[in-house]
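First the structure, in the form of structure tokens, and then the observations on it.
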Amino acid sequence: MKYWLVKSEPVKYSWDDFLKDGWTYWDGVRNYQARNNLQSMKKGDAVLYYHSNEGLEVAGVAEVIKEAYQDPTTDDERWVVVDLRPKESLKYPVPLSAIKKDKRLNDIALIKQSRLSVMPVTKKEFQTISSTGRGK
DNA sequence: GCCAACGTTGGC
DNA sequence: GCCAACGTTGGC
């Protein structure tokens, strides 16, 4: 099982929208590195859900329910989506500022490659953020 | 609103 | 194949 982090601008699609929908396909990825990450996702993988531009926090944890398939919003065969469903809302969303301060998260891709929208995180990083978000 | 980082495009 | 110009993302 692998761990990931995806970004969404809350103005466009927030964690609350995601909760209301119950599931979504993760569309709009138009970057090869992010696309490759999407294709590496397996059913059951855990995904941190980060609010970029506004909020700047990890709001919840999602789960991969369907692996990569052709992006239904485009005919361009280069792009894919995965299906995600919300798994857990974090009681205390973890802000970027806290992630930056935490020594255990010094090497997280979120900071190192700030423009990437789909990225892998390590099990340790995942656990650090999700347990912080639970208030522990 | 600005700017740094970085991906993409196009001329050579 | 190199690199300058340009566009986009995202934090501040």
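Here is how names work: the chains are called A, B, and so on, in the same order as the sequence lines, proteins then strands, and each is numbered from 1. On a predicted model such as this, the values are computed, not experimentally measured, just so you know.
- Ionic pairing of A/Arg85 and A/Glu63 is present here: one or more N-O contacts between side-chain nitrogen and carboxylate oxygen are shorter than 4.0 angstrom.
- With sequence neighbours excluded, the residues that form a side-chain contact (heavy atoms from CB on, under 4.5 Å) with A/Ser14 are A/Pro10, A/Asp16, A/Asp17, A/His51.
- In terms of position on DNA chain C, the residue among A/Glu54 and A/Arg115 whose nearest nucleotide sits closer to the 5' end is A/Arg115.
- When the ring pair (Phe, Tyr, Trp, His ring centres under 6.0 Å) test is applied to A/Tyr69, no partner is found at least two apart in sequence or on another chain.
- With A/Asp71 as the partner, the salt bridge (Lys or Arg N to Asp or Glu O under 4.0 Å) test is satisfied by one option alone out of A/Arg78, A/Arg35, A/Arg30: A/Arg30.
- With rounding to the nearest 0.5 angstrom, the CG atom of A/Leu105 is 11.0 Å from the NZ atom of A/Lys124.
- Where DNA chain B meets chain A (any atom under 4.0 Å from a heavy atom), the bounding nucleotides read 5' to 3' are B/dA5 to B/dT8.
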